[in-house]
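Read the structure below first, then the notes.
All values below come from the heavy atoms of this structure, side chains included, with hydrogens, waters and symmetry mates left out. Chain letters run A, B, ... following the sequence lines, proteins first and then strands; every chain starts at 1.
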2 protein chains.
Amino acid sequence: MNEPAASLGSTIAATIRQWVVEGRLLPGQRLSEKQLAEQLEVSRNTLREAFRLLTQQGLLTHIPYAGVMVARPDLAAIIDIYRVRQLIECQAVADASPHHPAIARMAQAVEQARAAREEHAWLTVGSANIDFHRALVSLTDSPRIEAIYADLCAELRLAFGLVDDPARIHAPYIESNSAIVELLKQGENQQAATRLAAYLQQSERSLLAVYKG
Amino acid sequence: MNEPAASLGSTIAATIRQWVVEGRLLPGQRLSEKQLAEQLEVSRNTLREAFRLLTQQGLLTHIPYAGVMVARPDLAAIIDIYRVRQLIECQAVADASPHHPAIARMAQAVEQARAAREEHAWLTVGSANIDFHRALVSLTDSPRIEAIYADLCAELRLAFGLVDDPARIHAPYIESNSAIVELLKQGENQQAATRLAAYLQQSERSLLAVYKG
DNA sequence: TCGAATGTCATTGTTCAACAATAATCGGAT
DNA sequence: ATCCGATTATTGTTGAACAATGACATTCGA
């Protein structure tokens, strides 16, 4: 890996992000500056620097004089996230060229998901599904949109962290993804977008169902 | 002003952002930590905190051990910004309900622009145009998209800062905006989206033309 | 003279310690 | 038991210090 000059703050931020995504830090949990600074062996100032980055990315919530805590996506946040996904992903599919290189990456993600399903490696299935959607977004050829989507995914994983059965969430959509790839290859962008919209709606519903409990 | 708990860092960030948007700080200009800290009467640490916010928002560029400078949008950045605008705004218009309250705000912005044009207050015309598009984006009812768009606008104004004749940029589009409002009221969303796309394309072209020189 | 190696300097990165501001906690009075 | 006020712990902010890095000027050799 070629990292010319990653500041210590962003390194620490990456570590904390990893902890959050892994579920080592739970939503709503408060992060003490002094305690974390000692644990990570950095100064309070540097840790605060990392907090700012993650707060800006939506992974942490910062309340002045009350501290930072792992963001706890509420119903409104999930609805909002899916609204953005719908807007970005559907438009990306609608405007896609049938020969865009990203389509190959989408197909590859589908194959990877199929292989993982055979071995019941549900976590891998989940990762492949995320890869599929990231490739889909890169159809837009916009670094900015891809960056926005990356942040969105991090928050989404926060929400998925509460789901204990990844198979139910990710597995049923492999064939749907495959169909989208085929439609794109044939230039049937509108049908592909419709199919994608249906997937997103269903995914949102099953995620919201968890939050009702 | 009711600001219950705005940290000093974000206050300073707002000040610097204002300076950038006003053109008091020019793209590419280097910002010395010590100098700015003395000028703003805050500590270096607090100023760095503000830098982090603005860097994350794309207004400043940070190069390790070389300092922060006002971002200088290049051709690729402008193209990317307009790609995002196209994606967000067109979809917002396409999915809008004819009775959405934001449409009234759009109409109001058009009227404001017309009045300002009468008085040749071109700066006000420009602000009204920005208000129009912000209202348009709020058709999505997504706080997240509105936040993304706000950041985008700040960067866009950075690019507009190099244009010395705002009349040429903003004035011709007032009637186009008005037409979009009417089409939305009549539920002709697709036509409105087409019209909007044409506007964005033209706006992008005239902005790019400045950069060629 | 030109170019490269070297040393100096200014600036940024990071840490530390202290104090101020604020919120949470606890205890006492009614 | 409830409300009110003081205590306490935590965060916000500051200033100074030192290390790390990059830019610039100087010097030396060919």
For the side chain of S203(A) and the backbone of L200(A), is there at least one donor-acceptor N/O pair under 3.5 Å apart? no

Hey, is the main chain of S7(B) close enough, under 3.5 Å, to the side chain of T11(B) for a donor-acceptor pair? yes

Using the six-membered ring wherever Trp is involved, compare the ring planes of H133(B) and Y199(B) and label them parallel, tilted or perpendicular (cut-offs 30° and 60°). parallel

What does I12(A) touch in the nucleic acid at a heavy-atom separation under 4.0 angstrom: a base, only the sugar-phosphate, or nothing? nothing

Applying a 4.0 Å non-hydrogen cut-off, can you work out what L47(A) is touching in the nucleic acid: base, sugar-phosphate, or nothing? nothing

Counting only heavy atoms from other residues, nucleotides and ligands, does the tally under 6.0 Å from CD of Q39(A) exceed 12? yes

What is the distance, to the nearest angstrom, from the [atom1] atom on [X] to the [atom2] atom on [N]?
X: E49(B); N: dG15(D); atom1: CD; atom2: C1'; answer: 16 Å
X: K34(B); N: dT14(D); atom1: NZ; atom2: C1'; answer: 16 Å
X: Q35(B); N: dT12(C); atom1: CD; atom2: P; answer: 10 Å
X: M69(B); N: dT11(C); atom1: CE; atom2: C1'; answer: 12 Å
X: L8(B); N: dT13(D); atom1: CG; atom2: P; answer: 5 Å
X: E38(A); N: dT11(D); atom1: CD; atom2: C1'; answer: 15 Å
X: R30(A); N: dT11(D); atom1: CZ; atom2: P; answer: 5 Å

When you get a sec, tell me which of [options] is the closest nucleotide to the side chain of [X]?
X: H62(A); options: dG12(D), dT14(D), dG13(C); result: dG12(D)
X: N45(B); options: dT14(D), dA21(C), dT13(D); result: dT14(D)
X: E33(A); options: dT11(D), dT15(C), dT13(D); result: dT11(D)
X: V42(B); options: dT14(D), dT11(D), dG13(C); result: dT14(D)
X: Y65(B); options: dT11(D), dT14(C), dT12(C); result: dT12(C)

If you measure from the Lys or Arg side-chain nitrogens to the Asp or Glu carboxylate oxygens, is any gap between E111(B) and R114(B) under 4.0 Å? yes

First of R44(A) and R48(B) reached from the 5' end of DNA chain C, by closest nucleotide: R48(B)

Can you check whether T46(A) has a side-chain N or O nearer than 4.0 Å to OP1 or OP2 of dG13(C)? no

